[in-house]
Engineer: 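This is the structure, below, for whatever I ask next.
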Protein chains: 4
Amino acid sequence: MQKFEGLIAAPFAPFNGAGEIMTEAIPGYCEFLEKNKVVGAFINGSTGEGVSLSMKEKMVVTEAWTAAARHKSIKIINLVGGTSYRESAEAAIHSAEAGVDAIAILAPYYFKPAGAPQLAEFCARIAETVPQLPVYFYHIPVLTGCYVSMYDFLKEASAMIPNLAGIKYTHEDFMDFLSCIHFQEGEYDMMWGRDENMLSALVLGCRSGVGSTFNYAAPLYYALIDAFDKGDLVTARRLQQQSIDMIRLLGKYGGIATGKAYMKYLGFDFGGFRLPVKNMTAGMYDKFKGDVQALQMEHLFSKR
Amino acid sequence: MQKFEGLIAAPFAPFNGAGEIMTEAIPGYCEFLEKNKVVGAFINGSTGEGVSLSMKEKMVVTEAWTAAARHKSIKIINLVGGTSYRESAEAAIHSAEAGVDAIAILAPYYFKPAGAPQLAEFCARIAETVPQLPVYFYHIPVLTGCYVSMYDFLKEASAMIPNLAGIKYTHEDFMDFLSCIHFQEGEYDMMWGRDENMLSALVLGCRSGVGSTFNYAAPLYYALIDAFDKGDLVTARRLQQQSIDMIRLLGKYGGIATGKAYMKYLGFDFGGFRLPVKNMTAGMYDKFKGDVQALQMEHLFSKR
Amino acid sequence: MQKFEGLIAAPFAPFNGAGEIMTEAIPGYCEFLEKNKVVGAFINGSTGEGVSLSMKEKMVVTEAWTAAARHKSIKIINLVGGTSYRESAEAAIHSAEAGVDAIAILAPYYFKPAGAPQLAEFCARIAETVPQLPVYFYHIPVLTGCYVSMYDFLKEASAMIPNLAGIKYTHEDFMDFLSCIHFQEGEYDMMWGRDENMLSALVLGCRSGVGSTFNYAAPLYYALIDAFDKGDLVTARRLQQQSIDMIRLLGKYGGIATGKAYMKYLGFDFGGFRLPVKNMTAGMYDKFKGDVQALQMEHLFSKR
Amino acid sequence: MQKFEGLIAAPFAPFNGAGEIMTEAIPGYCEFLEKNKVVGAFINGSTGEGVSLSMKEKMVVTEAWTAAARHKSIKIINLVGGTSYRESAEAAIHSAEAGVDAIAILAPYYFKPAGAPQLAEFCARIAETVPQLPVYFYHIPVLTGCYVSMYDFLKEASAMIPNLAGIKYTHEDFMDFLSCIHFQEGEYDMMWGRDENMLSALVLGCRSGVGSTFNYAAPLYYALIDAFDKGDLVTARRLQQQSIDMIRLLGKYGGIATGKAYMKYLGFDFGGFRLPVKNMTAGMYDKFKGDVQALQMEHLFSKR
């Protein structure tokens, strides 16, 4: 597979009023992403609440997305990671059957790997069950608690996992990130996972990002990339600051669940996040709406 | 259900040479525990590698243990916790069908609960699916990353979860632990989960423990409890020190997997731990064996 | 020096309205402690805000306490620790001249020692400047960030520091604590530093504590020790719970500065804590006072 | 004062064989920095072991540097921060008398500030004693444990500290860093403190860095800045990678003390770091030397 170029959204899990997966929302969601030039969907990830779904629900989500993306330019990457390589392998095999373009694996987050060799071996047990598929590693230590450096991981995994394609890098270690970009002359696809710092990754040679805010503000980031590519850094910095102002509202309104509030603002009602994530109250949503309007960023949000 | 009194072992997952669950080992394992006066088995927990098994494997383990314990004095507590309350509820319902005596729930360990209310609500969603069963909360923040105080948890959960029976407390916060013991005049069954500190919990009024070293050194701890009950603190301290010397070898030989080495020393070959846990090499096992012999604790180990 | 037996208070730094050290308050403070059977004063520690004082102020405090304690049964231990062994050695030499009974050393808290050997060597550089004085190590990793185990420290330091007398242990690692109690057949004086867990330390053989709440609730802890010594554990647990209820108000009202509010409640106005510590407002003090009254613990507070 | 433009070195503390400050080395050190176009010296910082020196030694270092820099283009910034604002104020006043160009203040690292207001007030107490001097805040949470965001700090401190000039930012939070760059239309001088990530800071508009590797590899970073300014990002990335390869040897040989080994490699023998920092052995130094030669970076090192 070629390296990704552009924005990959991490879709939210759409729930109906009863708290059940609302697969019927997925085709429209997929079209919306494509319309806003999003090139991929990283499903069942943190934003997609993969860990809060049952295995069966995750399979339903996977099938709905591959069906929705079938004749579209959007590639589907399915996160199959978990704490049991046995169960992740089952999910990987199902992913292949469902027709995903790639899978992603996470560091196990209960027992933490002692080091890079254990992490690479763990991933290899999953990757080897789908040799025909590209495999991404999803590095997000703030949630997994696994702080193994990705440069050390690549040194182990490059020999062990022939179908390793790259890393979704959601961590602020730019020293490690640049070392991975340069590893084996740029062999691996390094996708940036911190939307609020994208400019600092672009300057290092990164060409793609995977994130939650690309669900609702893809135009902002494409404008940022465009400004960077033209060497107009003043504009690029201003756009990055606008992304930060937007993201700062997540902190103000309680975290990851705020992303679904942004979607609601754009007209998509996907319900709340499942427990243990805390959702904002109706009253808080009204305040949030006022704060979003005050940002004056309508032209940078995704268009329906 | 009455409160537990005595030692509850957290059994290891027995794997055969192919790395598959060896259910045929479980009846003998259960007998061995009973012979050593162990009163319960806390299955699919940390020691039992629940997180490294697939859902199906956990069900197989559950059924094997309830069958093995059927006409025995050993009670079975099954850890159904995970990051998805939906999936944990499925496991809870299966547990009830399989005939467990109680279930246990863990704090979700990917998205961490914002506070006690979110944690209690998360548990309530699972507990309400098996109203006929006692439910224990398994507090082990070093692995889950959820540091909500159990005193705060009880204040929320006592109103929300009628079948809440108590807490397996695997953390060193004795201030919190004593507050839980005294909560609602001793309503909840507080089981201690740090074998190396049992004496410091006994003095607070605790009467039971859940741990991995009770698999192989139950006589040591019963002697410790006996000495404490008789007011012979010098002996109790010496025995606690022997437990510490034994547990210090876990740190020396790489952690949790060392427990299976102790079992092997007693004649039970249960294979290694699954990845990402690191196992000791054959050469290390020989050194370990020498260290165990140097402890001169044969009389305190469990008898086959 | 003999091992301590009983309660050692960690006195607060008394400031006047201008925020200057109020040495004239120290003789009365010392008498008050003695009247309540406190056997020692651990000065310039965390409670005494040693880190917030200038070197000169710490010397003034040291001289005031040794003068006040001259004809009393109270022993003075002065914390000379810091991040520079050079400066700590100067403070140690001054301490000896001022007539303290012992000094204490802290792990350096900016650059953290790589391991036990570095920590022991650092302490040795200070201890060797006052060979005539007993030296205590003050273990409080939550503030210093140095989590070296004290058992490992003793293995290094016992050979390096002939005047090492013991450890003020302010951490919840009872496995490590018991190992230190048993180290070299009880050679070292192990003083417990977590008032809220004292009962769990007494059962391990500990006979003394160093703490901030002994400033205002010495009778409570002597009653607790007495009940424990008599084998009346029900009473001991109840008293420990009362200590916890009292200490829980520290958390509720913002932390360490609440200790001075307790002193004010007893009639000692020592001002606030210096920045960066946050003090409660006057309005909060009124609420605090109500909460203290609701505890109904007057008979367990120290008497003027 | 104008904003800095270029590299500010954080000089090492030069010790002689007896472990005493070797002031006579400072004039030559200063000349060496100037010759390599370094524009400032940030003294008594982490690299300069300020925390390991006594107050008197820090004053000696300050006087030696201001004397050495008198007729040079190098500006002197003196870190006066500590845990006692009283003592830091004394150091600030001495700094002014000694003729420094600016002072810097650190977050207190024993008691951690509860939030931005407490941190700003703490700094204000020091800054107000030298109103004629520019004041920098030195943000290095990995060592201080104070993770207050600098954007929140500026919102408080900008109103409280009229002589606040900017921040030496040694942390990987680029979202926070960019927000500070844009704060009050670029009012504050934001100096980058992670040499290994400089390119990711330059793209955000940063124009200066404070670091330890500028002591020995200033030409590398000036070449990097030059390439970035010309839009030659391929070269800039390659140079950043070379900086990373150089810095990776610090991790390999035990950390901060390795910097003095680089200086020794260039011919400056400044002794080791004081305890508790661990120094490499002579044998390790030989291996280190081989590793440095293998980097083939002689042309990027500073010239004597």
Side-chain angles (χ1 to χ4, degrees), chain B residues 141-142 147 149 151-152 155 169-183 185-186 190 192 194-207 211 213 224-225 227-252, chain C residues 141-142 147 149 151-152 155 169-183 185-186 190 192 194-207 211 213 224-225 227-252:
Chain B
V142 73
Y147 284 85
S149 99
Y151 179 62
D152 289 342
K155 284 192 282 185
Y169 200 103
T170 306
H171 187 42
E172 293 77 12
D173 189 342
F174 287 84
M175 167 171 165
D176 185 41
F177 185 66
L178 184 59
S179 298
C180 291
I181 283 180
H182 285 148
F183 186 78
E185 299 178 34
M190 297 299 300
W192 187 247
R194 282 276 185 239
D195 313 356
E196 63 273 30
N197 297 329
M198 182 188 266
L199 184 52
S200 289
L202 291 174
V203 77
L204 301 181
C206 167
R207 297 303 302 162
T213 71
L224 193 167
I225 293 169
F228 172 77
D229 285 348
K230 289 180 179 149
D232 178 1
L233 295 181
V234 171
T235 300
R237 287 166 198 155
R238 186 180 43 74
L239 286 160
Q240 184 71 82
Q241 184 65 49
Q242 288 183 285
S243 128
I244 288 171
D245 294 342
M246 182 178 77
I247 287 168
R248 196 160 273 138
L249 292 188
L250 273 74
K252 181 171 176 185
Chain C
V142 73
Y147 284 86
S149 98
Y151 179 62
D152 289 341
K155 284 192 282 185
Y169 200 103
T170 307
H171 187 42
E172 294 77 13
D173 189 341
F174 287 84
M175 166 172 166
D176 185 40
F177 185 67
L178 184 60
S179 298
C180 292
I181 283 180
H182 286 147
F183 185 78
E185 298 177 37
M190 297 300 299
W192 187 248
R194 282 276 185 239
D195 314 354
E196 63 272 30
N197 297 330
M198 181 189 267
L199 184 52
S200 290
L202 290 174
V203 78
L204 301 182
C206 166
R207 296 303 302 162
T213 72
L224 193 168
I225 293 168
F228 172 76
D229 285 348
K230 288 181 179 148
D232 178 2
L233 294 181
V234 171
T235 300
R237 288 166 198 153
R238 186 179 43 73
L239 286 160
Q240 185 71 81
Q241 184 66 49
Q242 288 183 285
S243 127
I244 288 171
D245 294 343
M246 184 178 76
I247 287 168
R248 196 160 272 136
L249 292 188
L250 273 74
K252 182 171 176 186

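All values below come from the heavy atoms of this structure, side chains included, with hydrogens, waters and symmetry mates left out. Here the structure is a predicted model, which is why all the values come from computation and not from measurement. Below, read A as the first sequence line, B as the second, and so on, with proteins coming before strands; counting in each chain starts at 1.
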Engineer: Between B:H171 and C:E172, is any pair of side-chain heavy atoms under 4.5 Å apart?
Structural biologist: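 Result no, sub-4.5 Å side-chain heavy-atom pair not found.
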Engineer: Within the 4.5 Å heavy-atom criterion, are C:L233 and B:F228 side-chain neighbours or not?
Structural biologist: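 Yes; the side chains approach each other to less than 4.5 Å.
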Engineer: Between C:F174 and B:L199, is any pair of side-chain heavy atoms under 4.5 Å apart?
Structural biologist: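 No, side chains not in contact.
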Engineer: Please determine, among B:G231, B:S243, B:G205, the option with the most heavy-atom pairs under 4.5 Å with chain C.
Structural biologist: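 The residue among B:G231, B:S243, B:G205 with the greatest pair count is B:G205.
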Engineer: Below 4.5 Å, heavy-atom pairs only: which of B:L202, B:I181, B:V234, B:N197 has the largest tally toward chain C?
Structural biologist: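 The residue among B:L202, B:I181, B:V234, B:N197 with the greatest pair count is B:N197.
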Engineer: Working to the nearest 0.5 angstrom, can you tell me the gap between B:S179 OG and C:E196 CD?
Structural biologist: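 Answer for the OG-CD pair, B:S179 versus C:E196, is 10.0 Å.
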Engineer: Do B:M175 and C:R248 have side chains that approach each other closer than 4.5 Å (heavy atoms only, starting at C-beta)?
Structural biologist: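 Yes, side chains in contact.
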Engineer: Nearest 0.5 Å please: distance from the CG atom of C:L178 over to the CD atom of B:Q241.
Structural biologist: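 So the gap between those two atoms works out to 4.5 Å.
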Engineer: Sort B:F177 into side chain, backbone, both or neither according to what part of it lies under 4.5 angstrom from a heavy atom of chain C.
Structural biologist: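 For B:F177, there is no contact with chain C at all, as no heavy atom is under 4.5 Å.
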Engineer: Can you say whether B:L204 sits under 4.5 Å from chain C via the side chain, the backbone, both, or neither, judging by heavy atoms?
Structural biologist: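 Both parts, backbone and side chain.
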Engineer: With a 4.5 Å cut-off on heavy-atom pairs, point out which of C:D173, C:I244, C:D176 contacts chain B the most.
Structural biologist: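 If we count pairs closer than 4.5 Å to chain B, C:I244 comes out on top.
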